[in-house]
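To keep things clear, I will list the structure first and then write my remarks on it.
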Amino acid sequence: MAYSKKVVDHYENPRNVGTLDKEDESVGTGLVGAPACGDVMRLQIRVNPETEVVEEAKFKTFGCGSAIASSSLVTEWVKGKTIDEAMALENSQIVEELNLPPVKIHCSVLAEDAIKSAIADFRKKQAARKGETGPAEGESANSAE
Amino acid sequence: MAPKLPIYMDNAATTPVDPRVVETMLPYFTERFGNAASRNHHFGWVAEEAVDYAREQVAQVIGARSEKEIVFTSGATESDNLAIKGIANFYKSKGNHIITCKAEHKAVLDTCKRLERSGFDVTYLSPQQDGRVTPEQVKEALTDKTILVSLMLVNNEIGSQNPIREIGEVTRAAGVLLHCDATQGIGKVDFDAQRDNVDLASLSAHKMYGPKGVGALYVSRSKPRVRIVAEMDGGGHERGMRSGTLNVPGIVGFGRAAELARQEWKQDTERLEALRARLHGRITDALEEVHLNGAEAPHRAPGILNLSFAFVEGEALMMAIKDVAVSSGSACTSASLEPSYVLRALGVDEELAHSSIRFGLGKFNTEEEVDYVAALVIEQVERLRAMSPLYEMHKEGIDLSTIEWTAH
């Protein structure tokens, strides 16, 4: 199977590989997938609590080249976006950008799950923090499996 | 010094044809092109003579009593089909039970599955953790309805070698026929059909430096005289067991490859053992958490090295070493999204099955190539582990089995 140039580029020069402190209140962490299935993605975002803009995004992925490329691409895309904008990301955009074949679509689904799960984690932390000072706002955490 | 790229290290998939084999084949495409079944002119006689000579060469490499025990086919898949269906259909009045193993090649497993749909009972033995089946397992599975045991000589994915000789003692004592898919073992390990009490054996030319599209089935003619029902109807070639015009150039090449294997296998094997040990040693000296799939030496073929690189996905690693041709048991390399059934049959963790790479060393590989591949694998595994969340967790001392994963 031949990979698209963009997959190869992200695979060979992955953007934003790394780890953020998951205990930090401004950091949201999404860990999705399972080793037995052959892919695990961990995507982390650091969000400005005032503006809700994603200031930093990092990933680590266990998976095939397309899984690595999908997560690398997502970290690039969400940086500078508000979390509401990031929440609107859909896997079909990843499929299109990376030109993924049908057998690799699950990689893009996983990347979408990962960013949504990271945002949910951040919102949960923020809600908990606000909960300490006042009544909690509407629980909007969308627990992407 | 960097060797010439790309490097071929997938010799369990197929081998290049030995130039000496090509040379022997060439005249049979042009001036000696006759049909071996043309009994009434010179062209036919020349072709028939060449086929008979090759038949002897192949008979010798597997320890057959006579060249008449060799049936030429299109390859090992056809040989496996012919052997198992041929025996099942001929001996069905005697019994309907067949014994095989979960780690066999699909040509054997899918043939058995088809027979199950027409009333045969098949026992699929689970291999030991090292990929081998024991004679005791075979003995315990025998029933008074058993007509055939089909077990491979060497496993194509992991290189483990079954104790065929000891299994042959069990089947012989029980009066049950033994078929052995010897495709991966001929020219690599010690095998002798007569001595090992093997009644039928499948072979393929392209796994032993011969051409693709040609193989053979050994069918014992005495003690016992094995009978099979043919799959293909037609001109009654190969004593009625396999109709179809003989692939004369392919058969001539197969014969030559068999002769070279018989003459040179011991020295080739010694060299491959050393190369495999070197590759394995370099990798495990530099990297932690690398697991060998399959049996330790000497219960293995010399050229196959199947390793799982924990925390790294196999296809991603293959992509990282794209100038080196290897294969992987990772699901991502197959359309099914299931990791290797062979590794799962061994009880290898699914995660490690996804992380497996098969290196298939052959007689044309060099020490320089091995060193280059070892260094590249080490570098790339380190790179991929640096971006693996699982490796990070492992380093933090987190037991991955305690985490609730969200399977998707």
Side-chain angles (χ1 to χ4, degrees), chain A residues 1-3 7-8 10-20 22 29-44 58-72 75 91 100-114 116-117 143-145, chain B residues 289 308-323 327-340 343-344 348-356 379-381 383-396 398-408:
Chain A
M1 179 172 43
Y3 298 95
V7 169
V8 173
H10 275 280
Y11 171 76
E12 286 178 351
N13 313 292
R15 302 4 166 211
N16 310 309
V17 173
T19 306
L20 300 174
K22 64 177 191 290
T29 299
L31 180 67
V32 297
C37 301
D39 356 56
V40 175
M41 282 182 196
R42 191 193 61 201
L43 210 137
Q44 294 184 299
K58 294 278 183 200
F59 84 94
K60 280 200 178 186
T61 290
F62 162 80
C64 65
S66 302
I68 290 170
S70 297
S71 28
S72 168
T75 57
N91 80 293
L100 296 179
V103 68
K104 296 295 184 190
I105 286 175
H106 71 278
C107 298
S108 69
V109 173
L110 203 59
E112 181 190 323
D113 287 352
K116 292 192 168 159
S117 163
S143 60
E145 29 164 333
Chain B
E289 295 289 336
S308 283
F309 297 88
F311 321 116
V312 169
E313 201 276 329
E315 192 199 345
L317 182 54
M318 279 177 69
M319 198 171 163
I321 57 170
K322 59 179 185 298
D323 287 331
S327 63
S328 170
S330 153
C332 293
T333 58
S334 70
S336 66
L337 292 180
E338 291 277 318
S340 154
L343 295 182
R344 281 184 298 152
V348 171
D349 280 351
E350 291 219 358
E351 181 210 335
L352 287 176
H354 281 289
S355 301
S356 75
E379 178 193 325
Q380 292 299 325
V381 167
R383 181 179 94 90
L384 289 167
R385 281 183 175 173
M387 62 169 104
S388 167
L390 305 181
Y391 188 63
E392 189 182 301
M393 290 170 172
H394 166 73
K395 281 290 172 196
E396 286 170 358
I398 297 169
D399 180 356
L400 297 177
S401 64
T402 61
I403 293 177
E404 264 188 52
W405 299 101
T406 55
H408 61 104

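Throughout, protein chains are lettered first and strands after them, A, B, ... in sequence-line order, and every chain is numbered starting at 1. Side chains are part of it too, since the values below use all heavy atoms of this structure and drop only hydrogens, waters and symmetry mates.
Residue contact with chain B, scored on non-hydrogen atoms closer than 4.5 Å, involves the backbone and the side chain of A/V40 alike. In this structure, chain B has no heavy atom under 4.5 Å from any part of A/P102. Both the backbone and the side chain of B/A320 come within contact range of chain A, each with at least one heavy atom under 4.5 Å from a heavy atom of that chain.
Summarising the geometry, atom NE2 belonging to B/H354 is positioned 10.5 Å from atom SG belonging to A/C64; distances are rounded to the nearest 0.5 Å. Note that CE of B/M393 and CZ of A/R42 are 6.5 Å apart. Values are rounded to the nearest 0.5 Å.
Figure legend: B/R383 and A/Y11 shown as a cation-pi pair, the cationic atom lying under 6.0 angstrom from the six-membered ring centre and within 45 degrees of its axis.
Chain B forms more heavy-atom pairs under 4.5 Å with one residue of A/C107, A/P14, A/G63 than with any other, namely A/G63. Note: B/M387 leads B/E351, B/M387, B/E404, B/K322 in heavy-atom pairs under 4.5 Å with chain A. Contact tally against chain A (heavy-atom pairs below 4.5 Å) for B/L317, B/L400, B/D349, B/L384: the top residue is B/L384.
When all heavy atoms are compared, the tightest approach of A/I68 to B/A316 is CD1-CB, 4.2 Å. Considering all non-hydrogen atoms of both residues, B/V312 and A/F62 come closest at C-CE1, 3.4 Å.
When side chains are defined from C-beta on, A/V8 counts as touching B/M319, because their heavy atoms get closer than 4.5 Å.
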